[in-house]
Novice: 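What follows is a structure written as structure tokens; I'll ask about it next.
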Amino acid sequence: MAERGGRGTSSGGASSLDKSITLPPDEIFRNLENAKSFAIDIVARVRSFDYSGKDIEHESPYEITVQEEITARLHFIKFENTYIETCLDFIKDHLVNTETKVIKATGEDVMTCLIKGCNFVLKNIPHEVFAYQKDSETEFRFQTNHPNIFPYLLVNIGSGVSIVKVETEDKFEWIGGSSIGGGTFWGLGALLTKTKKFDELLQLASKGKHTNVDMLVKDVYGGAYQTLGLSGNLIASSFGKSATADKEFSKDDMAKSLLHMISNDIGQLACLYAKLHNLHKIYFGGFFIRGHPVTMRTITYSINFFSKGEVQALFLRHEGYLGAIGAFLKGAEQDNPNQYSWGENYAGSSGLMSTSPDLSPMQRARSSTFDMFEMDRLERPLVNLPLLKDPSTYIPDTVDLTDDTMARKYWLTCFEEALDGVVKRAIASQPDSIDAAERAEKFRQKYWNKLQTLRQQPFAYGTLTVRSLLDTREHCLNEFNFPDPYSKLNTNESLNYENRKLNPECTGFLLQEGPPHKCALIFADNKLLSRGTEVILACNSGPALNDVTYSESLIVTERIAAMDPIIQSALKEERLLLVQTGSSSPCLDLSRLDKGLALLVRERKTDLVIIEGMGRAIHTNYYAALKCESLKLAVIKNSWLADRLGGKIFSVIFKYEVPSE
């Protein structure tokens, strides 16, 4: 971790089981120069955290443009241990013997680092956790973040296997393990196939047919063993056929059999420990898994089989970073990083990549590079909206584009076609910048590449939604120093406030139908709404499209108050309160709102929530269930979406809901 200034640099990571690097090492490590804290996980990766203060030129395909960032950023890079000497040389040349640098390593306390890292991603990264469903159209089934992540079982598969029961943030216990793990697969695989690289072994396994090597139940009994309820296709003996067959077995088949043997063994062992300790969630981490379909499928099958469906096998998108994140957290305790909320920066993260043999050429090229993961520190902690009916089942997004193939194709094309307009607006927002056009083109290429990745790997950053596509675009714009492409438009709209009517519009009917509500919470985009009772007006903390931000709303409201005595009086008497949502997105996630807003909602006994705008009320929260009355309204500005909803373009959605008793 590094703290100094208001901008971000990058970091690196080391791994014995990771992908090779295609760029010169100096291109990867040079961004670490401004880091103040530095953590290394020899089995996972090196990482650092920073808000630096110096602009740097970047030539490589992975560019971190050092922007005017108010928040800190964590940077992770993982790479083969082949490059560990280069990394250590860099540390020696740039980080040793400086007063401001701190280096932490997981060797100090591996298990504590792993648990801290796991808790951290479970709390801060939406769609971090997924179940693997091989025969489903959507192989990766991402889980909704649960408010309470404990208790759980963590099975870390590195060279061997460690099994840890985690009960609270600081209470965990190593309860078992095995010497048969990733190192076993690698070592035996090397002996059997003469293949020395871990990734090559996985590739061999993905093409192999284990039934050519393994003895099945039907090979022993001539079919299923009905008395015991065993399928004929179950493995009765791993490598059983090799003892009697007088032939050579292919490397592919042997690698597949070995992978099945070790994965099944780990799955059964984990299941037994989970049942012994009455735990229903098992998270699998470590570099043995690496998002490999065969491994995840076998472990999942083993868990389901031995638990009869009572225990769930779950995997982590950022499994390989847990140790490094934990090392950072231990080294940065004086800064109390857990007091903040964090979010994944899609612009600087590689995303979850499949190692399936049917990769497209673009994916295959990507899979040979190093992986990256970035997280931004948010200025204030984020919490659930207290008025959510059931936070554990709340899903912000209306349409899952990972599932809906037709919708996915439409929206990806839609965002591609909108790129020219976004680039033009970005350039226009900085007329005095001599390099605005150059940076805008870099943004175009970066975001275009992200869209192409999502066409092939829609699960790369979790569940794909319109919200995630918009957020990815905002992250890419920010990376190239376009924090607010709509700034000129917003300024003009704000200055023309006298042309706007201050009618409460949609809320008028509520006043006529019954007594005034005690307090209304309004999530607005580019309109200001007010009501005669207490009103909490929640606006974005940061810019997104042409939505009014919190800072802009303060200026506009002050000017309106100078003309309107009702608004002036409401502000003075604190019956009209302006607050920030903690979000910089055109959409709205009610499970990640500014803590101050949540406290105010409780304090004022809010009994009405108004969500306004297509991003907040249609793309997200259309099906959100609240404890109080709610009103969701928007104008449908997209013809495809209007048709999907059974209406016409520019139709008005007006959804008033009263919670059931």
Side-chain angles (χ1 to χ4, degrees), residues 125-127 142 144-145 341 343-347 376 378 382-385 387-388 391 394-404 407-408 410-412 414-415 418 422 447 450-451 454 458 461-478 483-486 490 521-527 537-550 580-594 597 609-626 630-638 640-642 644-645 653 655:
I125 305 296
H127 301 160
F142 293 94
T144 303
N145 282 27
S341 291
E344 182 173 5
N345 186 302
Y346 298 135
D376 289 334
L378 309 178
L382 303 182
V383 297
N384 284 308
L385 176 69
L387 296 173
L388 279 174
Y394 167 69
I395 298 175
D397 303 284
T398 303
V399 179
D400 182 346
L401 302 182
T402 320
D403 276 343
D404 194 329
R408 179 171 71 246
Y410 169 78
W411 283 110
L412 286 171
C414 188
F415 277 89
V422 177
Y447 189 55
K450 293 287 182 185
L451 293 175
L454 290 169
Y461 299 103
T463 299
L464 182 63
T465 64
V466 173
R467 175 167 63 103
S468 67
L469 289 171
L470 286 165
D471 289 348
T472 302
R473 189 169 70 183
E474 294 297 320
H475 293 174
C476 290
L477 282 165
N478 273 284
D484 191 2
Y486 285 80
N490 288 349
L521 169 62
I522 302 177
F523 293 97
D525 57 5
N526 59 343
K527 300 176 181 65
L537 182 62
C539 298
N540 267 9
S541 299
L545 297 180
N546 62 333
D547 294 351
V548 171
T549 64
Y550 170 69
Q580 52 186 315
T581 62
S583 170
S584 298
S585 170
C587 298
L588 182 65
D589 183 351
L590 296 177
S591 68
R592 288 173 67 82
L593 292 179
D594 187 278
L597 170 58
V609 174
I610 300 174
I611 305 177
E612 185 266 338
M614 200 164 78
R616 290 164 180 76
I618 305 300
H619 291 314
T620 53
N621 299 305
Y622 190 70
Y623 299 115
L626 302 177
S630 64
L631 176 62
K632 302 161 187 175
L633 63 149
V635 176
I636 305 298
K637 305 169 187 175
N638 178 280
W640 183 92
L641 183 59
R644 171 63 75 94
L645 295 174
I653 295 288
K655 191 178 184 184

Novice: Compute whether any side-chain donor of one residue and acceptor of the other, for Asn540 and Arg616, lie under 3.5 angstrom apart.
Specialist: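 Yes, a side-chain donor-acceptor pair sits under 3.5 Å.
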
Novice: Supply the atom-to-atom distance Leu454 CG to Leu412 CG, rounded to the nearest 0.5 angstrom.
Specialist: 6.5 Å

Novice: Anything under 30° is parallel, anything over 60° is perpendicular, the rest tilted; go ahead and classify His475 against Tyr346.
Specialist: tilted

Novice: Judged by atom type as modelled, is there a donor-acceptor pair below 3.5 Å linking the side chain of Lys450 to the main-chain atoms of Cys476?
Specialist: no

Novice: Can you give me the closest heavy-atom contact between Leu470 and Leu545, atom names plus distance?
Specialist: CD2-CD1, 4.4 Å

Novice: Please test Asp397 against Thr463 for side-chain contact (heavy atoms from CB on, under 4.5 Å), starting from the C-alpha separation and ending with a verdict.
Specialist: CA-CA 9 Å; Asp397 303 284; Thr463 299; 5.9 Å; no

Novice: To the nearest 0.5 angstrom, please state how far the CG atom of Leu588 sits from the NE2 atom of His619.
Specialist: 13.0 Å

Novice: Step through the shown structure and confirm whether more than 12 heavy atoms of other residues, nucleotides or ligands are within 6.0 Å of CD1 on Ile395.
Specialist: no

Novice: Ignoring hydrogens, what is the shortest heavy-atom contact between Thr581 and Ser583? Give both atom names and the distance.
Specialist: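 Answer, listing the atom of Thr581 first, then Ser583: OG1-N, 3.1 Å.
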
Novice: Mind checking the SG-CE spacing from Cys587 to Met614? Nearest 0.5 Å is all I need.
Specialist: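 These two atoms lie 9.0 Å from each other.
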
Novice: Any side-chain heavy atom of Lys655 within less than 4.5 Å of one from Tyr623?
Specialist: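 Result yes, sub-4.5 Å side-chain heavy-atom pair found.
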
Novice: Where is the tightest heavy-atom contact between Ser541 and Gly582, given as atom of each residue plus distance?
Specialist: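 Reported closest heavy-atom pair: OG-N, 2.7 Å.
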
Novice: So does Glu474 get a backbone contact from the side chain of Asn478, meaning a donor-acceptor N/O pair under 3.5 Å?
Specialist: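 Yes; judged by distance alone, with no hydrogens or angles, the pair exists.
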
Novice: Could you give the distance from CG (Leu521) to CG (Leu597), rounded to the nearest 0.5 Å?
Specialist: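 Answer for the CG-CG pair, Leu521 versus Leu597, is 5.5 Å.
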
Novice: Identify the two heavy atoms, one from Ser584 and one from Ala544, that lie closest to each other, and give their separation to 0.1 Å.
Specialist: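 Smallest interatomic distance, heavy atoms only, reads O-CB, 3.5 Å.
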
Novice: Could you verify whether a donor N or O on one side chain and an acceptor N or O on the other, from Asn638 and Tyr410, lie under 3.5 Å apart?
Specialist: yes

Novice: Does Leu626 reach the side chain of Leu385, with side-chain heavy atoms less than 4.5 Å apart?
Specialist: yes

Novice: So how far is it from Thr402 OG1 to Leu464 CG, rounded to the nearest 0.5 Å?
Specialist: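 Rounded to the nearest 0.5 Å, the OG1-CG separation comes to 5.0 Å.
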
Novice: Taking all atoms of both residues into account, what is the closest heavy-atom pair of Thr465 and Leu401, and its distance?
Specialist: C-CD1, 3.7 Å

Novice: Between the side chain of His127 and the main-chain N/O of Phe142, is any donor-acceptor distance below 3.5 Å?
Specialist: no

Novice: Starting from the C-alpha separation in whole Å, work towards a yes-or-no answer on side-chain contact (heavy atoms from CB on, under 4.5 Å) for Ile618 and Ile636.
Specialist: CA-CA 9 Å; Ile618 305 300; Ile636 305 298; 4.1 Å; yes

Novice: Working to the nearest 0.5 Å, report the span between CG of Leu633 and CD1 of Ile653.
Specialist: 10.0 Å

Novice: Can you check side-chain contact (heavy atoms from CB on, under 4.5 Å) on Asp589 and Thr620, steps first, answer last?
Specialist: CA-CA 7 Å; Asp589 183 351; Thr620 53; over 6 Å; no

Novice: Could you tell me whether the side chains of Tyr394 and Asn145 share a donor-acceptor contact shorter than 3.5 Å?
Specialist: no

Novice: For residues Pro391 and Asn384, report the shortest heavy-atom separation together with the two atoms involved.
Specialist: CB-ND2, 3.7 Å

Novice: Using a distance-only test with no angle check, is there a side-chain donor-acceptor pair under 3.5 angstrom linking Ser585 and Asp471?
Specialist: yes

Novice: Examine distances only and state if a side-chain atom of Thr549 and a backbone atom of Pro543 form a donor-acceptor pair shorter than 3.5 Å.
Specialist: no

